[in-house]
Amino acid sequence: LMAEHEDGAKGVSRRNFLRGAGVGAVAVAGVGVMTHATAATGDSCKTAGCDYDVVVIGGGFAGVTAARDSRKNGYKTLLLEARNRLGGRTFTSEFDGHKVEMGGTWIHQTQPFVWAEKERYGLELQETPVSTAALTNEEYVVKVGNTTHKLAGEQLLPLLAAFDAFYSEARQVWDRPYDAQHTWKEIIQRDKRTAKQRLDELKLDPVQRVAVDSFVSATSHAPLDQTSYVDMLRWWALAGWNLQGFNDAVVRYKLKDGTIGLINKMIEDGKPQVRLSTPVKKIEDKGDHTVITTQSGEKIVAASVIIALPMNVLPNVEFSPALDPALIEAGKQKHSGAGIKFYIKAKGGFTKMAKINAMAESSYPVSLVMAYYVSDDHTLFVAFGNDPSKIDIYDTQAVQAILEPLFPGIQVEGTYGYEWTLDPYSLGTYATYKPEWFEKYYAHFQKDRGRILFGQGDHGEGWRGSIDGAIGAGTRAALRAKELLG
């Protein structure tokens with residue numbers, strides 16, 4: 001996979017990916033210690049003839065939640081993770097003295113599962129300067145062709161009108177964003193539509209069009225012609241059907257100790273057994289038990305298995321009996337989320353407006369750049385693009401050239417990021433559904449089969465594809481394991 005990308009991508013090399021992939025050693029040190037001491041004294045299997053009552057496959061937030069809850073429900077629980085760290089598509093690291101997140105980052109009080117965990121463990125938050133619930137004191141830089149437009153205050157009103165136009169059907173289609181069946185007819189009527197088709201039918205001026213194009217592309221992490229219009233309406237509905245609510249919900253609060261801080265708290269609390277660097281080859285349901293075979297050939301017998309893997313990697317695991325063909329088909333197609341997120345350190349404070357957003361059309365290497373930290377000495381930006389092959393994020397001169405039209409005079413001092421599309425255990429970023437996926441696949445996702453239960457954060461209602469959705473999926477899977485095992 002990585003060699004193929006190295007040959008085909010423009011300026012993106014396997015060496016640079018591996019350089020980025022090595023940043024996790026410090027971030028996961030605490031978890032590495034815990035893996036040797038997570039089995040509680042006297043921990044015994046309730047199911048005769050089994051090594052474990054519950055084995056969870058995948059150590060992201062969905063898997064960690066399912067493992068914690070299963071262990072607290074009284075079951076002997078093992079969590080298997082293919083990587084040498086926990087967190088899945090969240091990844092806490094450091095860049096030039098700043099704690100940064102390579103993957104999932106922000107949480108909010110409108111996201112019930114992750115907010116409850118923050119409250120449970122008393123975790124502190126930090127605010128990203130880019131967002132508050134109001135748009136006052138914010139500046140938007142919009143690149144249209146070779147011209148850059150700076151907008152603030154009342155100048156932002158046309159942009160608000162453009163967003164409202166694009167998402168005008170959100171309340172009708174997602175009146176209950178945690179209950180797709182409630183408005184299923186409305187969803188299916190629009191299921192074939194792409195985000196690009198919706199954008200093309202609107203009568204917008206060039207600045208408005210670029211702003212919406214940029215925003216939707218950054219949200220989906222995908223080109224608009226591969227993005228489900230219905231899925232974008234879901235995000236808008238979850239955040240309160242307006243731009244201020246969306247900004248507040250999606251890019252305002254982050255965990256002070258990083259996402260790994262919450263992962264560590266959950267593992268410490270539940271104390272499941274954890275094995276890192278243990279990819280799974282095969283999962284068999286034998287009727288009264290399951291057998292998990294690792295890549296090294298070890299066989300583990302369990303009363304039940306919870307699958308918490310990203311949907312794109314599911315076809316790489318062998319199942320017996322075979323899984324629903326629709327699941328394998330969707331996994332091989334891959335969801336649309338395959339973009340890039342990376343950090344840029346620029347010299348100087350650069351802007352007096354801490355809450356600054358730069359927008360470009362989605363065909364540009366970066367469609368959205370936001371201030372992440374601002375001081376007199378330097379500014380840290382976080383940038384989003386929908387195609388990693390358009391930019392080598394470790395080539396500071398290339399990044400400089402891309403950012404110069406957005407921020408004239410910028411001096412890029414360093415960059416930092418992680419390519420999830422090259423990671424064999426994710427093969428993409430967060431899940432954005434493609435057009436027609438609701439009708440074709442929605443009924444097939446998260447359906448348990450015998451003793452094999454599904455708790456994937458890529459699927460389900462509400463904030464699926466996010467940290468919140470992953471925790472919710474793991475929570476529900478653990479409850480179903482309890483119902484199965486008694």
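These figures come from a predicted structure and were not determined experimentally. These numbers come from the heavy atoms of this one structure, side chains and all, not from hydrogens, waters or symmetry mates.
When side chains are defined from C-beta on, Tyr343 does not count as touching Tyr373, because their heavy atoms never get closer than 4.5 Å. With a 4.5 Å cut-off on side-chain heavy atoms, Thr77 and Tyr52 do not count as touching. Considering only heavy atoms from C-beta on, Asp231 stays 4.5 Å or farther from Trp437 through its side chain. In this structure the side chain of Glu169 reaches within 4.5 angstrom of the side chain of Leu233, judged on heavy atoms. Residues Met370 and Phe384 are in side-chain contact: their nearest non-hydrogen atoms beyond the backbone lie under 4.5 Å apart. Residues Val274 and Glu81 fail the side-chain proximity criterion, which asks for heavy atoms closer than 4.5 Å.
In this structure, Lys440 does not pair ionically with Asp191, as no charged nitrogen and carboxylate oxygen lie closer than 4.0 Å. Note on Lys282 versus Glu284: salt bridge recorded, some NZ/NE/NH1/NH2 to OD/OE distance being below 4.0 Å.
For residues 102-111, no pair satisfies salt bridge (charged side-chain N to carboxylate O under 4.0 Å, His left out), with sequence neighbours left out. Every pair passing salt bridge (charged side-chain N to carboxylate O under 4.0 Å, His left out) that includes a residue from residues 474-486 is listed here, sequence neighbours excluded: Asp448-Arg480.
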Let's go through Arg275 and Leu79 carefully: what are the C-alpha distance in whole Å and the side-chain angles of both, what is the deciding distance for side-chain contact (heavy atoms from CB on, under 4.5 Å) to 0.1 Å, and is it a yes or a no?
CA-CA 6 Å; Arg275 294 190 198 174; Leu79 175 61; over 6 Å; no
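If you look at Phe246 and Phe215, their ring centroids are closer than 6.0 Å.
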